[in-house]
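The structure appears below as structure tokens.
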Amino acid sequence: MAGTFTCTDYMGTFYYGWLFWALAGIVIFTLLLYYKLIDSPRLVRAWHLWMFIGGATLLNFIVGYGIATSATQEGNYCPELVITNGDVISVGLTQALLTLILTIALSFLFRYFSTNCRNTTPLRPW
């Protein structure tokens with residue numbers, strides 16, 4: 001059968017777990033940093049929050065790309081699979097997209113921790 005993979009010697013890796021924990025940690029840290037730790041009246045505009053979201057998205061892309069690259073360089077995948085650099089980049093882009101979606105969604109919850117930035121959300125007009 002074409003397309004059938006039989007990786008009997010492959011035991012799997014925990015890289016998806018590392019990707020998830022990196023994503024969750026960076027998103028939560030970014031939102032806590034903006035809404036609770038900095039909480040400045042000078043940073044109440046939506047574009048200030050978008051700078052933080054952009055930084056978290058870029059950082060999660062780098063982490064996702066780095067973890068996927070190290071997995072392919074070490075050979076921690078089924079040897080019957082052909083993994084290219086485009087596949088590794090798509091892992092990083094997926095990580096970045098999930099960061100963007102999760103950060104926007106959680107910002108509506110985290111804004112209640114803030115004193116000065118309570119009304120700042122990413123969907124508020126500039």
Side-chain angles (χ1 to χ4, degrees):
M1 278 191 265
T4 304
F5 296 105
T6 57
C7 293
T8 55
D9 59 342
Y10 178 66
M11 300 302 291
T13 59
F14 189 67
Y15 288 113
Y16 287 119
W18 288 114
L19 288 171
F20 168 75
W21 287 115
L23 179 130
I26 291 171
V27 166
I28 290 172
F29 176 74
T30 300
L31 290 174
L32 284 176
L33 181 70
Y34 180 76
Y35 283 115
K36 191 66 180 163
L37 298 177
I38 295 178
D39 196 20
S40 171
R42 295 177 60 191
L43 297 175
V44 296
R45 303 228 186 265
W47 67 273
H48 293 124
L49 179 58
W50 276 107
M51 289 190 320
F52 280 83
I53 292 173
T57 302
L58 179 65
L59 184 60
N60 258 325
F61 172 79
I62 292 169
V63 167
Y65 180 80
I67 289 174
T69 300
S70 72
T72 57
Q73 295 297 323
E74 294 172 2
N76 288 335
Y77 58 92
C78 178
E80 295 179 16
L81 295 176
V82 178
I83 298 178
T84 63
N85 196 32
D87 299 323
V88 174
I89 290 172
S90 67
V91 169
L93 289 175
T94 302
Q95 187 84 349
L97 180 65
L98 289 173
T99 301
L100 186 65
I101 293 168
L102 190 63
T103 308
I104 290 171
L106 288 179
S107 69
F108 292 100
L109 174 69
F110 275 80
R111 72 184 187 148
Y112 293 110
F113 293 129
S114 178
T115 304
N116 296 311
C117 301
R118 182 174 293 269
N119 295 321
T120 305
T121 63
L123 304 179
R124 194 173 128 201
W126 306 103

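This one's a predicted model, so the numbers in the text were calculated from it and none came from an experiment.
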side-chain hydrogen bond (donor to acceptor under 3.5 Å, both in side chains) against Asp87, all qualifying residues, sequence neighbours excluded: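 Scan of Asp87 (side-chain hydrogen bond (donor to acceptor under 3.5 Å, both in side chains), adjacent residues dropped) gives Thr84.
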Apply side-chain hydrogen bond (donor to acceptor under 3.5 Å, both in side chains) to Tyr16 and list each qualifying residue two or more places apart in sequence or on a separate chain. none
Holding to ring-ring contact (aromatic ring centres under 6.0 Å, His included), I want the full list of residues that pass it with Tyr15, two or more places apart in sequence or in another chain. none
Can you measure from OH (Tyr35) to OG1 (Thr120) and round to the nearest 0.5 angstrom? 6.0 Å
Pairs under 3.5 angstrom only: tabulate donor-acceptor contacts from the side chains of residues 61-69 to other protein residues two or more places apart or in another chain.
from  : atom 1 : to    : atom 2 : distance (Å)
Tyr65 : OH     : Asn85 : OD1    : 3.4
Thr69 : OG1    : Tyr65 : O      : 2.7

Extract all donor-acceptor atom pairs below 3.5 Å that involve side chains of residues 18-34 and protein atoms in other chains or at least two apart in sequence.
from  : atom 1 : to    : atom 2 : distance (Å)
Thr30 : OG1    : Ile26 : O      : 2.7
Tyr34 : OH     : Leu43 : O      : 2.4

Under 3.5 Å, which donor-acceptor pairs do the side chains of residues 98-107 form with other protein atoms, sequence neighbours left out?
from   : atom 1 : to     : atom 2 : distance (Å)
Thr99  : OG1    : Asn60  : ND2    : 2.7
Thr99  : OG1    : Gln95  : O      : 2.7
Thr103 : OG1    : Thr99  : O      : 2.6
Ser107 : OG     : Ile104 : O      : 2.8

Backbone of Asn116 reached by a side-chain donor or acceptor of Asp39 within 3.5 Å: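 At least one qualifying donor-acceptor pair exists.
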Kindly give the heavy-atom pair with the smallest separation between His48 and Arg42, and that separation in Å. CE1-O, 3.3 Å
